[in-house]
2 protein chains.
Amino acid sequence: MGIAERKEREKADMRRKIVDAAIQMFVEEGYDKMSIRKIADKIEYSPATIYLYYKDKDELLYDVQSEGFDALAEHFRKAVTEKDPYRRLKQMAWAYVNFYRENPQLYDLMFIINDPMNAEEDEEDWKNGDNAYDALQQLMQECIDNKLVRFKNAVVASISVWGFLHGLISLDLRCRIKVCKLSGSDLEEGMEDAINEYLRIIKA
Amino acid sequence: MGIAERKEREKADMRRKIVDAAIQMFVEEGYDKMSIRKIADKIEYSPATIYLYYKDKDELLYDVQSEGFDALAEHFRKAVTEKDPYRRLKQMAWAYVNFYRENPQLYDLMFIINDPMNAEEDEEDWKNGDNAYDALQQLMQECIDNKLVRFKNAVVASISVWGFLHGLISLDLRCRIKVCKLSGSDLEEGMEDAINEYLRIIKA
DNA sequence: TTGGACACTAAACACTGTTTAGTATATTTG
DNA sequence: CAAATATACTAAACAGTGTTTAGTGTCCAA
């Protein structure tokens, strides 16, 4: 009988409805101004209803985070096109930074905000970032194999590159860097200079 | 007359009392489990009293953050002793990482948590990080002048080094890095390898 | 048609930061 | 010294949060 299937479909539709409202609220207004009650308002259900589809707020945020990583994968797929590994690395680095610039709120949720990480009780079970990280590590291995970078270990190389980019981005997002004041150039320029010089320096 | 002075002293004492309770709560339990009401409880005053000494929670967190930066400065003073600029840089990098390991909650407030940054309405007026940053930039200039590193611009160099270290630290603090799983070594080892290789690579 | 599963919600609970109105004490003034 | 004023403090309320409970009405299966 198709009733069970329909019910399942309706359940999935409702989760979609909730997560869509959450994403929209998140992207437009950010983490601080998003709440379960406002989402309930937006989809015209009571707050309690959300708890029939999500165990708690963290679980909902985990789903929003997953959508963020899907968007990042798509962004990479479009922007990273070069064959040469080092050129590919440069493309990937800039694609990462551009993703942040276009989706700062999502970036925040994906890499900085704590809440979605509480959804998976086992810390080792966080899978959302794996695709992007694996792609980077594989690329760094290619760069090393072709002696295009000064790194020797692909794991170290990938967390170095990622750490560097994430460091600049999160200092920017949290207003801890004021390159504008320090160098006379504007903030974005200062960050771009640092990224360009970093890419030059790691080059073999 | 000494009454005005005594009142001023009492006002300062009360602020100390509040900020001390806040720091203790913060260091022991972290941002999430700290609240104005609990601080009031701890110092045996009503919550409203805190608002006679601090405009809002952000302003109090700003003071706690300042104490964090004082602690970092003291940590640097003790740990950074070498004369040679490049060796000094290595010491400074490890001192920074060790400060994070010994004070993860404070690090969080100093470099990641948003709230204290709302206390200063003008974004350009945040002075807390200046001392530490200036010391790093000056050190990078020395390294560049003595041709000890591959950087050419001290501003770019300092935000690169800082960005890199902060990137690794904040990915670790927010559980976005799982080097243990990826490399077989434990988490701390993976981070240490990346830092060592980074320091090696930027060396001229 | 009856019985039970299901979808949903109003209201409550336990928190949060913050403000208001009022009290009791300390200080200044007449 | 007494009256007036300024100060220090707080109880209670307000507006918001995430989450749970108890109950209602609808839909489906027997």
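Just so it is clear: chains get the letters A, B, ... in the order the sequence lines come, proteins before strands, and each one is counted from 1.
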Chemist: Taking only N and O in the side chain of A:Thr49, is any of them less than 4.0 Å away from OP1 or OP2 of C:dT9?
Modeler: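 Yes, because at least one side-chain N or O of A:Thr49 sits under 4.0 Å from OP1 or OP2 of C:dT9.
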Chemist: Roughly, in whole Å, what's the span from CD1 in A:Ile50 to P in D:dT21?
Modeler: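 Checked: the CD1 to P distance equals 18 Å.
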Chemist: Please give, in whole Å, the distance from C:dT9 C1' to A:Glu44 CD?
Modeler: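 A:Glu44 atom CD is separated from C:dT9 atom C1' by 15 Å.
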Chemist: The side chain of A:Ala48 lies closest to which of these nucleotides: D:dT20, D:dT10, C:dT18?
Modeler: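 The nucleotide sitting nearest to the side chain is D:dT20.
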Chemist: Which whole-number value in Å describes the distance from B:Leu60 CG to C:dT16 P?
Modeler: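 It is 15 Å, rounded to the nearest whole Å.
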Chemist: Just to confirm, is there a sub-4.0 Å distance from OP1 or OP2 of C:dC8 to any side-chain nitrogen or oxygen of A:Tyr51?
Modeler: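 No, no such contact exists.
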Chemist: When all nucleic acid strands are considered with a 4.0 Å heavy-atom cut-off, which category describes A:Lys33: base, sugar-phosphate, or nothing?
Modeler: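 No contact.
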Chemist: If I take atom CD in residue A:Glu10 and atom P in nucleotide C:dC8, what distance separates them, rounded to the nearest angstrom?
Modeler: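 My rounded result for the distance is 8 Å.
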Chemist: Using OP1 and OP2 only, check whether a side-chain N or O of A:Tyr45 sits under 4.0 Å from C:dT9.
Modeler: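 Checking A:Tyr45 against C:dT9: no side-chain N or O falls below 4.0 Å of OP1 or OP2.
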Chemist: D:dA11, C:dT9, D:dT17: which one has an atom nearest the side-chain heavy atoms of A:Ser35?
Modeler: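 Comparing D:dA11, C:dT9, D:dT17 against the side chain of A:Ser35, the answer is D:dT17.
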Chemist: Round to the nearest Å and state the distance from B:Glu59 atom CD to C:dT18 atom P.
Modeler: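 Distance, rounded to whole Å: 11 Å.
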Chemist: Would you kindly give the CG-to-C1' distance between B:Asn118 and C:dG17, to the nearest whole Å?
Modeler: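 Atom-to-atom, B:Asn118 to C:dG17, this comes out as 14 Å.
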Chemist: Would you indicate which nucleotide in D:dT19, D:dA13, C:dC8 comes nearest to any side-chain atom of A:Arg37?
Modeler: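 From the listed options, D:dT19 comes nearest.
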Chemist: Considering the options A:Ile202, A:Val80, A:Leu148, which one meets the side chain to side chain contact (heavy atoms under 4.5 Å, CB included) requirement together with A:Leu89?
Modeler: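 So the option named by the test is A:Ile202.
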Chemist: I'd like to know if B:Lys42 and B:Glu29 make a salt bridge, using a cut-off of under 4.0 Å between side-chain N and carboxylate O.
Modeler: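 Not counted as a salt bridge, because no side-chain N and carboxylate O are separated by less than 4.0 Å.
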Chemist: Round to a whole Å and report the spacing from NZ of A:Lys57 to P of C:dC15.
Modeler: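 Rounding to the nearest Å, NZ of A:Lys57 and P of C:dC15 are 18 Å apart.
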Chemist: Can a salt bridge be assigned to the pair B:Asp108 and B:Arg174 using a cut-off of 4.0 Å between side-chain N and carboxylate O?
Modeler: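 Counted as a salt bridge, because a side-chain N and a carboxylate O are separated by less than 4.0 Å.
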Chemist: Other residues, nucleotides and ligands only: do more than 12 of their heavy atoms fall within 6.0 Å of CD on A:Glu44?
Modeler: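 Atom CD in A:Glu44 is not crowded, with 12 or fewer foreign heavy atoms closer than 6.0 Å.
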Chemist: Between C:dT16, D:dA11, C:dC8, which nucleotide has the shortest distance from any of its atoms to the side chain of B:Lys38?
Modeler: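 Within the option list, the nearest is C:dT16.
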Chemist: For A:Leu52 and D:dT21, give me the distance from atom CG to atom P, rounded to whole Å.
Modeler: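 So the CG-P distance, A:Leu52 to D:dT21, works out to 13 Å.
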Chemist: So which nucleotide from D:dC9, C:dC8, C:dT18 ends up closest to the side chain of B:Ile36?
Modeler: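 Shortest atom-to-atom distance from the side chain points to C:dT18.
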Chemist: If you look at every strand shown and take non-hydrogen atoms under 4.0 Å, does B:Tyr54 touch a base, only sugar-phosphate, or nothing?
Modeler: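 If one applies the 4.0 Å heavy-atom cut-off, B:Tyr54 turns out to touch nothing in the nucleic acid.
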Chemist: Please determine if A:Arg15 and A:Glu67 form a salt bridge, counting it only when a charged side-chain N lies under 4.0 Å from a carboxylate O.
Modeler: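 No, no charged N to carboxylate O under 4.0 Å.
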